[in-house]
2 protein chains.
Amino acid sequence: MQMDERKKKILRAIIQDYIVTAEPIGSRTIARKFDLGISPATIRNEMSDLEVLGLIEQPYTSAGRIPSDAGYRYYVDCLMVEEELSGEEKEIIERETTRRINEIQEVITHTSKLLSQLTSLTSIVLGPLKGTSAFGQIHFLPYQPGQAIMVMVKDNGVVENHIVDIGFNVTAEELQRVAAVLNQKMRGQSLKTVKKGLLQEIYSELTKQHHLLDKALEMLAVILDGCEEKEQVYLGGTLNMLNQPEFRNLDRVKTLFRFFEEDESLKKLLQPTHEGLNVTIGGENIFKEFHDCSVISATYRIDEETIGAIGVLGPTRMNYSKAMAIVDFMTRMISENLTRGCKR
Amino acid sequence: MQMDERKKKILRAIIQDYIVTAEPIGSRTIARKFDLGISPATIRNEMSDLEVLGLIEQPYTSAGRIPSDAGYRYYVDCLMVEEELSGEEKEIIERETTRRINEIQEVITHTSKLLSQLTSLTSIVLGPLKGTSAFGQIHFLPYQPGQAIMVMVKDNGVVENHIVDIGFNVTAEELQRVAAVLNQKMRGQSLKTVKKGLLQEIYSELTKQHHLLDKALEMLAVILDGCEEKEQVYLGGTLNMLNQPEFRNLDRVKTLFRFFEEDESLKKLLQPTHEGLNVTIGGENIFKEFHDCSVISATYRIDEETIGAIGVLGPTRMNYSKAMAIVDFMTRMISENLTRGCKR
DNA sequence: TTTAGCACTCATCTAATGAGAGTGCTAACA
DNA sequence: TGTTAGCACTCTCATTAGATGAGTGCTAAA
């Protein structure tokens, strides 16, 4: 059995209606709502075929039909008319992403908020990935006795400060020297490289400064500990989920929100499977909690290097064309802006 | 009508039962569950009195009784046996709060998690309040051209970094001088003082350094902008709310979670009305969203100065003695630990 | 003052019923 | 041969009507 033009029209009608109403739709209603020029009976026959093809299904006997995961997949791949964002929407995204924002944290939280607002879905934004940033420079500033503030600037512009315990018998001047050695050896290197290969080298360099002999290794450990990168995940518009009829059930909401609290799992949701826009529909998702959801995600880059990802999460019955257009445009804007920001 | 011993016993029984079951309780059941040595009929008469006194109420005719807000209030003020925390609980709190934690952020997020875990309620932790911290020192570090990293250390130990735009014609050396002036003038002053009184003084001091004449004021504005304090609120265990039968209703959950997203309102929830433990019961709450909830809060201090607050939020039908004991013990531990940390 | 007894109330649970939307099948039609 | 009208049938959902049970208030007796 083949998909002819009429079947396509009917499938599109079913999906588009279901996206809006979240109710199963029957042949009669299709004939009434969409002007296809054929009778309910004919539509019934075609729907029967679509069901055999696995593109639609009945929640129960003698209810209307709803799209199956495969149906959505076919819709996204073959049927959907790609949506052009309105000028207004584009403008908002451009304005908000090109705002002069100094700290990457802000970019992330801001993006997450904007994304959920525009799509009315839940947004997930994944911050700088492990291993994508290298050391820029390290500074030490005096703090309490026995402690110092370590300020670390990474090459992607992220600045972090950590308080490190350095022991009481280390002077400010000694710290300066440590910083000098670290800066010289570590600049442009990733944390991984340092931990794997450079550590011994730095240590022997430091111990040349006889004062530091006994303290050096311990200090290094503490410092590197402070450098430990953690990828951050931001969620936006989690409440939007509660507006979806799919989540009228409290237990469903509970498992959903419990999932939202696990950063590690959230990251996996955004795991890209290929270049460009990733669309994961219903049961395609690796987590069974999201077998009634879809995820649209894409990665953002500085220059050509992927450093993070953004995505939206919503019920399988989401407005794919809109969400895809927004995620796509937004990653492009963020990448441009970040790349420009780093060159500045 | 007076509260005699028997009335008290009955009221206590009603409240304690309701805290556990969340179901209205009737005279017969009270007689069965609690060994008060009187018959259901007698209990009925007393309950009738308690209702006249406004301490209990009927959800509808011929249902059992439930405590009213006034009933809870009476219970908390007069009836409740103050709970002693178990050794184990105390130990956990002590261990977790005296852990060597360098950054105040961590203290806050940690506390919030711990608090919600121990109480099975939602915890709210309010970070350092505006105006409670004074400048310690300011440093500038090189960043991108035209920008610098400003590292600010406050006297309460908080370290923040911000990227500030400083204009292209400012050299590193000039920045050092600015820092020197700022450190000299601002140390120990609050941001408010600086903005109100010191600004002019700093400006005239800076302009003495002839190089900086034209840039000084603009830079100052940018710097002070970066200093702007924002109080942070952390929520923990929001999901605990979903386990309460009071929140079986999705709309209720929605308004609740929507409220949780407004930091400003959350702060008001913790607003202390008097020294020590604050208990706000049901309708006493300023927000009508929480007329079926109670809040137990207390402030924490560094030395004698109040710098923040912690609290738990739960249904009016919460375990007051337990929650109060935990909040009380926890603020004390945090205060001690922070005070010690600052002296270190 | 306390208690037993009794009539009454009201929410909740269950089963029955009917309406409505939709299907599949068959036969007629173009 | 593809399309359509008609019809019997199915299944959910909302509504209704009892039945159940926990609880109350009142009265009268202990």
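Scope of the values below: all heavy atoms of this structure, side chains included, with no hydrogens, waters or symmetry mates.
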May I ask you to check whether over 12 heavy atoms, not counting those of A:R28, lie within 6.0 Å of atom CZ?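 12 or below, so no.
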Please list, chain by chain and in numerical order, all residues satisfying side chain to side chain contact (heavy atoms under 4.5 Å, CB included) with B:T255, sequence neighbours excluded.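 Applying side chain to side chain contact (heavy atoms under 4.5 Å, CB included) to B:T255 gives B:R252.
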Side chain to side chain contact (heavy atoms under 4.5 Å, CB included) partners of B:S294, counting only residues at least two apart: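 Partners of B:S294 under the side chain to side chain contact (heavy atoms under 4.5 Å, CB included) test: B:I281, B:T316, B:M318, B:Y320.
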[atom1] of [X] versus [atom2] of [N]: gap in Å, rounded?
{"X": "A:I38", "N": "D:dG2", "atom1": "CD1", "atom2": "C1'", "result": "12 Å"}
{"X": "A:D49", "N": "C:dT23", "atom1": "CG", "atom2": "C1'", "result": "14 Å"}
{"X": "B:I43", "N": "C:dA4", "atom1": "CD1", "atom2": "P", "result": "12 Å"}
{"X": "A:E23", "N": "D:dT12", "atom1": "CD", "atom2": "P", "result": "15 Å"}
{"X": "B:D17", "N": "D:dA22", "atom1": "CG", "atom2": "C1'", "result": "14 Å"}
{"X": "A:I14", "N": "C:dT23", "atom1": "CD1", "atom2": "C1'", "result": "13 Å"}
{"X": "B:I25", "N": "D:dG23", "atom1": "CD1", "atom2": "C1'", "result": "11 Å"}
{"X": "A:R44", "N": "C:dC25", "atom1": "CZ", "atom2": "P", "result": "11 Å"}

Considering only heavy atoms, which members of residues 26-34 of chain B lie under 4.0 Å from some atom of DNA chain D?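 The answer is B:G26, B:S27, B:T29.
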Residues of residues 50-65 of chain B with any non-hydrogen atom less than 4.0 angstrom from an atom of DNA chain D: list those, numerically ordered, please.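 Heavy-atom contacts with DNA chain D come from B:Q58, B:S62, B:A63, B:G64, B:R65.
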At 10 degrees resolution, what angle do the end axes of the helix from C:dT1-D:dA30 to C:dA30-D:dT1 form when each is taken over five base pairs?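 That helix has its two terminal axes inclined by roughly 20°.
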Let me spell it out: for each of A:A41 and B:S39, pick the nucleotide of DNA chain C with the closest heavy atom. Which residue's pick is nearer the 5' end?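 Mapping each residue to its closest nucleotide by heavy atoms, the 5'-most match is B:S39.
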Flag side-chain contact, heavy atom, 4.5 Å: A:Q271 against A:I286: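 No. Closest side-chain heavy atoms not under 4.5 Å.
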Is any side-chain heavy atom of A:M3 less than 4.5 Å from a side-chain heavy atom of A:L11?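 Contact flag for A:M3/A:L11 side chains = yes.
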If you take all heavy atoms of B:A31 and B:I38, which pair is closest and at what distance?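 Residues B:A31 and B:I38, closest heavy atoms: CB-O, 4.2 Å.
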Whether the [X] and [Y] side chains hold a donor-acceptor pair (N or O, under 3.5 Å, no angle test) is what I'd like checked.
{"X": "B:N240", "Y": "B:S120", "result": "no"}
{"X": "B:S112", "Y": "B:T109", "result": "no"}
{"X": "A:S297", "Y": "A:N278", "result": "no"}

Contacts under 3.5 angstrom, residues 64-81 of chain B side chains, donor-acceptor by atom type, not counting sequence neighbours:
unit_1, atom_1, unit_2, atom_2, d
B:R65, NE, B:E51, OE1, 2.8
B:R65, NH2, B:E51, OE1, 2.7
B:S68, OG, B:G54, O, 2.5
B:S68, OG, B:L55, O, 3.1
B:S68, OG, B:A70, N, 3.3
B:S68, OG, B:G71, N, 3.1
B:D69, OD2, B:G283, N, 2.7
B:R73, NE, B:E284, OE2, 3.0
B:R73, NH1, B:D77, OD1, 3.3
B:R73, NH2, B:V279, O, 2.8
B:R73, NH2, B:E284, OE1, 2.7
B:R73, NH2, B:E284, OE2, 3.3

Begin from the C-alpha positions of A:M47 and A:S27 and carry the test side-chain contact (heavy atoms from CB on, under 4.5 Å) through to its verdict. CA-CA 8 Å; A:M47 282 169 91; A:S27 51; 4.0 Å; yes
